[in-house]
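Notes for the one structure printed next.
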Amino acid sequence: MGKKEEILSLIRQNAYYSQQELADLVGLSRSACAGYISQLMRDGEILGKAYVLKEEKRVCCIGGANLDRKMTVEAFRWKDSNPVTSHESFGGVARNLAENMHVLGLHSQLMTVLGSDEAAGRLTADCRADTSLVQILPQERTGTYTAVMESSGEMLFALADMAIYDAWTPAVYRAQKHRTAAADVLVLDTNLPQETMKEILSSKLPHQKAVIVPVSAAKISRIPQESIQDIDLLLLNELEAEAMAAHLGNEADELEARAANIVQAGAGMVIVTRGAEGVYMASEEETAYIEAEEVKAVDVTGAGDAFASVCIDGLLHDEEPKVWIKRALARAAATIQSTESVIRTQEGKR
């Protein structure tokens, strides 16, 4: 990467760098840096002294990036040795979202923490999204997720080794916080510790929207109750919706009541996926059920992240929710019919 490209990349991360800060970061004199900035202005890449970039929607995905192992078993038996076929790929909710949105044509950044191990190098090399915000934590191991699947494609159970995320403290986030300033949407998964999630939500800039995509019902409690009003979109499955309502002190039995409770607590919009039955959405303005197409499942892993990526794209472009939910369901269906956690096709693109 040349100096001009390095400067442009830094401005994309933070449009408020001074010329001297940019010069120091790329190893140039201030006058030489000013020359490159003038060239970028002539090229139309930035507009004026404030380094306003030509319009480009940007998403920063903050959370998990893991080594995924998928094992398929024909007839599973507890407390016995089960023959399997296995497949390794890369996953993690934030990583999958960043990859999906890159495929959809958005400028997507991945902010995560990885261990100082071989898996970290493989993961960053495989990711096509911007990985400049990835931090390596010495003495930690990159997260792993192992899913055991039936031959039908349905998951029997999964094992997650995510201890590294406990070391992702607010202080670790603050070291990189300034580099998220250019993002239009911050997408958080619940691998983040609660205090770190609270730090991110409470410090987001006025132009930024926040989306929460949980990783499981068990980690719903990591969403800070006092930050609900800072969430523009909350994407849940039915178990997570039940856990979220309980987290807010509501024990309603009906899905509609649970979603209404979450909206009343301050979330801008709640979308609950219901598998083959489709989706329920709720906001202060409207509620609706949207049906899903019937498809034959090959592997359900990653379908939720595929769905979420199109929802985030629709939110980013201020589309009607029912329109982007239908597109999101189409992308989820395509993912279900693939063995990959992230399909690299244009299905669901606007």
Side-chain angles (χ1 to χ4, degrees), residues 59-64 93-94 97 111 165-166 168-170 173-174 177 180-181 183-274 279-289 304-305 307-316 318 321 324-325 328:
V59 178
C60 183
C61 301
I62 310 173
V93 170
L97 289 169
M111 175 181 275
Y165 302 119
D166 294 334
W168 197 348
T169 63
Y173 170 71
R174 282 193 291 270
K177 172 182 167 181
T180 68
D184 299 286
V185 176
L186 302 177
V187 184
L188 288 65
D189 77 30
T190 52
N191 281 308
L192 290 159
Q194 186 182 86
E195 286 303 309
T196 305
M197 187 174 291
K198 182 179 176 181
E199 170 83 19
I200 297 168
L201 291 170
S202 65
S203 63
K204 71 184 179 78
L205 298 173
H207 74 278
Q208 293 177 323
K209 294 179 179 179
V211 178
I212 304 293
V213 185
V215 301
S216 67
K219 290 187 177 180
I220 283 291
S221 60
R222 294 192 176 196
I223 300 174
Q225 293 185 22
E226 61 270 39
S227 301
I228 300 299
Q229 69 276 5
D230 296 316
I231 301 171
D232 296 278
L233 175 61
L234 183 57
L235 290 153
L236 307 166
N237 61 30
E238 290 188 276
L239 283 176
E240 291 162 352
E242 180 181 1
M244 187 67 200
H247 180 49
L248 296 173
N250 185 286
E251 300 294 338
D253 293 330
E254 299 297 327
L255 171 60
E256 295 88 343
R258 289 168 181 162
N261 172 258
I262 297 166
V263 171
Q264 288 166 9
M269 181 180 294
V270 178
I271 293 177
V272 183
T273 57
R274 305 168 64 240
V279 169
Y280 179 73
M281 63 153 289
S283 68
E284 287 191 351
E285 291 74 30
E286 65 176 327
T287 61
Y289 279 101
D305 301 330
F307 175 86
S309 67
V310 178
C311 290
I312 294 161
D313 179 59
L315 179 72
L316 186 59
D318 295 317
W324 44 258
I325 289 172

Show which side-chain atoms of residues 232-239 pair as donor or acceptor with protein atoms under 3.5 Å away, not counting sequence neighbours.
unit_1, atom_1, unit_2, atom_2, d
Asp232, OD2, Ala210, N, 2.8
Asn237, OD1, Leu239, N, 3.2
Asn237, OD1, Glu240, N, 2.8

Correct closest heavy-atom pair for His207 and Ala183 would be NE2-O, 3.2 Å
- Query: Within a strict 4.5 Å, meaning less than it, do heavy atoms of the Ile62 and Leu192 side chains meet?
  - Reply: yes
Does any N or O in the side chain of Glu286 come within less than 3.5 Å of the main-chain N or O of Ser283, such that one atom is a donor and the other an acceptor? no
OH of Tyr280 to CZ of Arg274, rounded to nearest 0.5 Å, is 10.0 Å
Check your understanding: Just wondering, do Val59 and Val211 contact through their side chains at under 4.5 Å, heavy atoms?
Key -> no
When every non-hydrogen atom of Pro321 is compared with those of Met269, the smallest separation belongs to CG-CE, 3.5 Å
Nearest heavy-atom approach of Ile228 to Met244 is CD1-CE, 3.3 Å
query: Is the CD atom of Glu284 crowded by more than 12 outside heavy atoms at less than 6.0 Å?
result: no
A side-chain contact here means heavy atoms from C-beta on lying under 4.5 Å apart; do Thr180 and Leu186 qualify? yes
Between the CG atom in Asp230 and the CD atom in Gln208, the distance rounded to the nearest 0.5 Å is 11.5 Å
Heavy-atom closest pair (Leu97 atom, Ser309 atom, distance to 0.1 Å) is CD2-N, 3.7 Å
*Can you tell if the side chain of Val279 reaches within under 4.5 Å of the side chain of Val272, non-hydrogen atoms only?*
no
Closest non-hydrogen contact found for Ser221 with Gln194 is O-NE2, 2.8 Å
The reported gap from CG in Leu188 to CE in Met111 (rounded to nearest 0.5 angstrom) is 10.0 Å
Side chain Asp189, main chain Gly64, donor-acceptor under 3.5 Å:
yes
Here the gap from Met281 atom CE to Cys311 atom SG, rounded to the nearest 0.5 Å, amounts to 10.0 Å
**Asked** Does a sphere of radius 6.0 Å around NZ in Lys219 hold more than 12 heavy atoms from other residues, nucleotides or ligands, not counting ones at 6.0 Å or beyond?
**Response** yes
Item to complete: For Thr190 and Val215, indicate whether the former's side chain and the latter's backbone hold a donor-acceptor pair under 3.5 Å.
Response: yes
Residues Arg222 and Asn191: closest non-hydrogen pair is NH1-O, 2.8 Å
Subject >> Ile212 and Met197, any side-chain heavy atoms less than 4.5 Å apart >> reply: yes
NE2 (His247) and CD1 (Ile262) are apart, to the nearest 0.5 Å, by 10.0 Å
One should read off an interatomic distance between Ile312 CD1 and Cys61 SG, to the nearest 0.5 angstrom, of 6.0 Å
- Is it true that atom CD of Glu254 has more than 12 heavy atoms of other residues, nucleotides or ligands lying nearer than 6.0 Å? no
Quick check: do Leu315 and Asp313 have side-chain heavy atoms less than 4.5 Å from each other? no
Residues passing the side-chain contact (heavy atoms from CB on, under 4.5 Å) test with Pro193, sequence neighbours excluded, are Trp168, Thr196
Any heavy-atom pair between the side chains of Ile200 and Tyr173 that's under 4.5 Å? yes
